[in-house]
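Single-structure report; data block below.
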Amino acid sequence: MHNFEFVKPSTVADAVKAMAGSGAQALSGGQTLLPTMKARLAAPAVLVSLTGVAEMKGVCMGDDGLSVGAATTHATVAAEARKSFAGLANLANGIGDPAVRNRGTIGGSLANNDPAACYPSAVLAAGATVHTNMRKIAADDYFQGMFTTALKEGEIITSVTFPVPHKSAYVKFNQPASRFALTGVFVAKFANGVRVAVTGASNNGVFRWKEAEAALSANFAAGAVAGLVVSPKDMINDLHGTAAYRANLVKVLTKRAVDAAS
Amino acid sequence: MTTISMTVNGKAVSGEVEGRTLLSSFLREGLGLRGTHIGCETTQCGACAVHLDGQLVKSCSVLAMDAAGASVTSIEGMANGDGSLSVIQAAFQEHHGLQCGFCTPGMVMATAALLKVNAKPTETEVRHYLEGNMCRCTGYHNIVKAVMAASGQDVSAIAAE
């Protein structure tokens with residue numbers, strides 16, 4: 001890994017100042033960024049650790065839903081969202097392994113927007129709001145393709161607010177070696193309809209499967225999507241799974257998520 | 001170089017590090033605590049697992065500077081005060097939970113973390129929790145048996161394969 005200057009602010013304001021420097025990069029749990037830097041695929045001049053920013057940590061229920069600080073670890077979300085939003089807690093509890101879950105954070109996952117990451121599907125399916133030091137971004141506007149988001153240079157995610165669905169579940173098919181989602185589906189049932197978000201499948205990153213949303217809004221049962229066809233066009237096609245295989249997984253996992261929703 | 005301080009296995013320590021120095025490197029090269037093994041250095045294998053402020057982490061994926069001021073426990077801090085093997089270590093010895101021993105420090109640290117939150121895990125829970133720790137001797141059956149035994153459960157019914 002190339003060397004860098006390390007800074008560890010304790011407030012969002014100081015983190016924003018540190019991020020204004022040339023070649024600065026935010027570091028959250030580091031479970032993706034540090035391996036990326038070791039492989040020399042990233043070489044920031046300044047690394048701004050967010051692990052010491054207390055105001056970016058924690059889970060609490062407010063008027064707009066469940067608010068999760070961006071620097072909150074997967075393990076903390078798994079424990080603290082258990083009663084209020086079980087679908088989200090279960091997703092968090094399935095990321096990586098216990099050691100990774102003790103470091104990795106929701107903000108880091110969303111800022112990176114890996115096409116096979118789990119969290120983007122929950123954020124998109126719940127219609128969550130991404131809060132940054134500058135503004136609020138609706139989930140539908142936030143994800144802009146593989147590793148691409150609406151975040152601007154130097155912008156830091158501070159928290160995410162989730163409207164809590166009546167029922168929800170996330171089901172993924174693990175890529176057996178990496179434990180990333182080969183494909184994963186988050187289903188969220190609200191009073192005014194159902195939202196379905198798919199990760200790990202499309203070349204364009206996480207997306208909403210709108211045909212399934214319409215079918216499930218009319219009838220929230222696994223059988224409701226049985227007649228739908230998922231096109232393999234634009235699906236990821238690699239040695240772990242063909243585009244057609246992933247397209248099929250989208251439907252299979254959606255059915256399983258509907259069955260599992262609670 | 002920057003001087004950092006932390007508590008390792010109950011002792012106050014300090015040393016010089018660069019921004020890029022990993023916690024695993026600081027423990028091994030800075031402090032000479034080579035019980036923490038580096039297997040893959042890519043956050044996969046778990047051989048470098050330690051406890052950081054009581055939480056299981058992979059020390060190759062934490063910057064030493066990010067751990068400044070923290071309390072770290074490594075495998076060297078796992079034996080009893082008189083130097084005898086702890087319950088977990090003794091169970092690994094008793095049930096042949098190690099072959100070449102390379103993954104063992106990480107396995108012991110992961111086991112200690114598991115038993116802290118789940119005193120009597122089921123076999124399935126043990127296997128799930130150890131997902132981030134690889135044993136390339138593939139000696140998983142006896143590792144799981146050792147973990148179950150360390151939790152005080154009867155392991156006579158678990159197959160030794």
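This one's a predicted model, so the numbers in the text were calculated from it and none came from an experiment. Chain A is the first sequence line, chain B the second, and so forth, proteins listed ahead of strands; every chain is numbered from 1.
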message = Does anything in residues 27-37 of chain A reach chain B? List residues with heavy atoms under 4.5 Å apart, or say none.
response =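 Listed by number, the contacting residues are L27(A), G29(A), G30(A), Q31(A), L34(A), P35(A).
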Could you grab the distance from atom [atom1] of [X] to atom [atom2] of [Y], nearest 0.5 Å is fine?
X: Q55(B); Y: R101(A); atom1: CD; atom2: CZ; value: 12.0 Å
X: N3(A); Y: T21(B); atom1: CG; atom2: OG1; value: 7.0 Å
X: L63(B); Y: F4(A); atom1: CG; atom2: CZ; value: 4.5 Å

ask   = Crowded around Q93(B) CD? As in, over 12 foreign heavy atoms under 6.0 Å?
value =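 Counting other residues, nucleotides and ligands, CD of Q93(B) stays at 12 neighbours or fewer.
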More than 12 heavy atoms from other groups under 6.0 Å of NZ on K120(B) =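 Yes, NZ of K120(B) has more than 12 neighbouring heavy atoms, counting only those of other groups under 6.0 Å.
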query = chain A heavy atoms under 4.5 Å from L22(B): which part of the residue, side chain, backbone, both or neither?
reply =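 The side chain, not the backbone.
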ask   = Which region of L52(B), side chain (C-beta onward) or backbone (N, CA, C, O), has a non-hydrogen atom less than 4.5 Å from a non-hydrogen atom of chain A, or is it both or neither?
value = side chain
request  = Would you name the heavy atoms of Y129(B) and P98(A) that are closest together and state the gap between them?
outcome  =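 Minimum heavy-atom contact is O-CG, 3.2 Å.
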request  = List the atom of K58(B), the atom of D97(A), and the distance in Å for their closest heavy-atom pair.
outcome  = NZ-OD2, 2.7 Å
Residue pair C60(B) / K38(A), side-chain heavy-atom distance below 4.5 Å = yes
inquiry  = Looking at K8(A) and D66(B), would you say the former's side chain and the latter's main chain have a donor-acceptor pair under 3.5 Å?
reply    =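 The answer is yes, because a donor-acceptor pair under 3.5 Å joins these two groups.
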Please tabulate, for the side chains in residues 67-75 of chain B, all donor-acceptor contacts under 3.5 angstrom to protein atoms that are two or more places apart in sequence or on a different chain.
from	atom 1	to	atom 2	distance (Å)
S74(B)	OG	N9(B)	ND2	3.0
S74(B)	OG	E76(B)	N	3.4
S74(B)	OG	E76(B)	OE1	2.6

Candidates R20(B), E41(B), E18(B) - the one meeting side-chain contact (heavy atoms from CB on, under 4.5 Å) with M1(A) = R20(B)
